[in-house]
There are 2 protein chains.
Amino acid sequence: MSELPLLPQAGSAPPERADAARNRARILAAAERLFAERDPASVTMEDIAKAAGVGRGTLYRRYPDRAAIARALLDEHERALQEKLLRGAPPLGPGEPGGRSASPGERLAAFYAEMAALLEAHLPLALGAETGAARYGTGAYGFWRAHVAQLVREAGLDDPQTLADQLLAPLAPELFRHQRELGLSGERIAAGLATLARRTLD
Amino acid sequence: MSELPLLPQAGSAPPERADAARNRARILAAAERLFAERDPASVTMEDIAKAAGVGRGTLYRRYPDRAAIARALLDEHERALQEKLLRGAPPLGPGEPGGRSASPGERLAAFYAEMAALLEAHLPLALGAETGAARYGTGAYGFWRAHVAQLVREAGLDDPQTLADQLLAPLAPELFRHQRELGLSGERIAAGLATLARRTLD
DNA sequence: GCCTAAGTGGACAGCGTGTCCACTTGCCTT
DNA sequence: AAGGCAAGTGGACACGCTGTCCACTTAGGC
């Protein structure tokens with residue numbers, strides 16, 4: 001397992017004033033509510049400012065756009081999954097050296113299942129954070145990419161770089177929403193992904 | 001091969017006045033040029049109107065938004081591919097009944113190759129037409145979806161509906177651009193897709 | 001309590017959208 | 001050949017969102 005780019009752990013922040021902290025909390029709470037109750041793409045910075053009871057300037061001071069707010073909300077959940085991938089028990093984690101570990105296909109299936117669950121739980125945030133091309137720029141995406149590339153490598157396939165992105169494509173939040181709106185359950189989506197994972201890597 | 005929803009063949013249009021036809025041609029030409037020379041997402045309806053030498057009202061009369069224009073430009077190429085899928089020789093087409101035909105995995109790989117070539121040739125249009133969630137609503141997407149679902153069915157896998165969308169995900173124009181910008185060649189991308197196709201369906 | 005820098009909020013200019021409608025022009029009729 | 005009318009045209013308009021800027025306020029160390 002080579003160098004996985006970890007999502008920055010919110011390192012030693014320069015101290016934050018009490019009113020600033022209060023407003024940050026208000027902003028995040030208001031944004032989460034708004035994302036959940038309408039199409040995240042239609043939520044404007046102005047809406048969030050108004051709902052949080054702060055001015056536009058205050059909002060822009062911390063977050064350059066809607067996506068940054070959604071990402072901040074999503075980060076926590078994604079870091080939890082990253083932990084499990086790095087240090088959790090098989091099939092999700094790598095397993096002890098010398099101990100038993102799962103096949104690449106099983107591990108990819110387990111990862112897919114976790115991601116599907118994460119999307120199921122926080123789809124509005126994912127849609128707010130990673131719509132379209134922005135997805136590929138996030139730190140989290142880089143992490144998933146490195147993880148999947150490693151699994152591809154272990155499976156002995158050519159060109160893990162290229163395949164990793166292609167294997168992550170079915171996890172695009174927009175596709176997940178599309179499939180849910182077609183009436184497919186989260187389980188059914190996860191089952192499809194599991195099939196894909198096993199057949200591709202095992 | 002059941003009921004594939006064909007893209008409407010531009011049926012008997014109500015006759016179009018000569019000046020209207022001239023302006024339509026101007027609009028399409030101007031839009032294609034603009035899409036090619038900058039990020040399609042940044043091209044505005046106003047830009048297109050100005051470049052085509054027509055007023056905004058004229059533009060909106062025919063096309064509700066940028067995506068509709070890009071789709072009109074793409075349609076021609078997509079219909080050509082649809083023809084080949086339905087009636088072309090193997091491995092792309094189904095082959096004669098009783099004659100030789102390719103395996104589902106080979107056929108999916110051939111389809112992937114054609115789509116990658118189409119993206120390579122017309123990426124700006126694809127980005128203009130199918131950015132984000134809009135992709136799933138187009139008639140063309142429905143066609144690809146039905147085609148891939150049929151291949152999945154022939155391969156004997158469960159739930160072709162769900163898998164079809166997931167197998168189409170790596171063809172998202174934004175992903176293609178992302179991979180190209182990473183320095184991957186079209187051939188390398190196509191090779192990855194071929195691996196995916198064969199391992200999944202064969 | 002005072003001082004200072006961090007924090008705040010609303011005003012502002014700019015841009016893109018989509019609509020609307022008075023005018024123009026192609027084309028069919030007689 | 002002329003007339004009429006519906007299709008077509010283009011630009012003005014109102015609206016909403018963005019991102020910046022800056023004069024004011026407040027927290028918290030000294």
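By convention in this document, chain letters (A, B, ...) are assigned in the order of the sequence lines, proteins followed by strands, and residues within each chain are numbered from 1.
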Quick check: on DNA chain D, is the nucleotide nearest A/S42 upstream (toward 5') of the one nearest A/G57, or the reverse? Name the residue that is more 5'.
A/S42
Taking atom P of D/dG28 as reference, at what distance in whole Å does atom CG of A/D19 sit?
7 Å
Which atom of B/L201 lies closest to which atom of B/L108, heavy atoms considered:
CD1-CD2, 3.7 Å
Backbone N/O of B/P90 and side chain of B/R107: donor-acceptor pair under 3.5 Å
no
Could you state the atom-to-atom distance from CZ of B/R62 to P of C/dG18 in whole Å?
17 Å
Is the shortest side-chain N/O distance from B/T58 to OP1 or OP2 of D/dG8 below 4.0 Å?
no
Which residue, B/A18 or B/D47, contacts DNA chain C at a nucleotide closer to its 5' end, judged by nearest heavy atom?
B/D47
Could you check whether B/R24 gets within reach of a base, just the sugar-phosphate, or nothing at all, counting any heavy atom under 4.0 Å?
nothing
B/R66 has an atom CZ; how far is it from atom C1' of C/dG18, in whole Å?
14 Å
I'd like to know if A/E174 and B/R135 make a salt bridge, using a cut-off of under 4.0 Å between side-chain N and carboxylate O.
no
Among D/dT20, D/dG8, C/dG16, which nucleotide sits nearest the side chain of A/Y60?
D/dT20
Under 4.0 Å, heavy atoms only, any strand: does B/T44 hit a base, just the sugar-phosphate, or nothing?
sugar-phosphate
Whole-Å gap separating P (C/dG7) and CD1 (A/I27):
12 Å
Please determine whether a side-chain nitrogen or oxygen atom of A/R61 lies at a distance below 4.0 Å from atom OP1 or OP2 of C/dG7.
yes
The side chain of B/R17 is closest to which nucleotide in this list: D/dT9, C/dG10, D/dG8?
D/dG8
Which nucleotide in D/dC17, D/dG10, C/dT8 has an atom nearest any side-chain atom of B/V54:
D/dG10
Separation of A/I48 atom CD1 from D/dC17 atom C1', in whole Å?
12 Å
How would you list all residue pairs meeting salt bridge (charged side-chain N to carboxylate O under 4.0 Å, His left out) that involve residues 21-36 of chain A, not counting sequence neighbours?
A/E16-A/R24, A/R33-A/E37
Between D/dG28 atom P and A/R22 atom CZ, what is the distance in whole Å?
11 Å
Rounded to whole angstroms, how far apart are CD on B/E46 and P on C/dG14?
15 Å
So what does A/N23 hit on the nucleic acid, given a heavy-atom distance under 4.0 Å: a base, only sugar-phosphate, or nothing?
sugar-phosphate
Between C/dG18, C/dG9, D/dG8, spot the one nearest the side chain of B/R56, thanks.
C/dG18
Between B/Q150 and B/E154, is a side chain to side chain donor-acceptor pair (under 3.5 Å) present by the stated rule, with each step listed?
CA-CA 6 Å; B/Q150 178 57 26; B/E154 285 170 19; 3.0 Å; yes
Find the distance A/D65:CG to D/dT20:P and express it as a whole number of Å.
11 Å
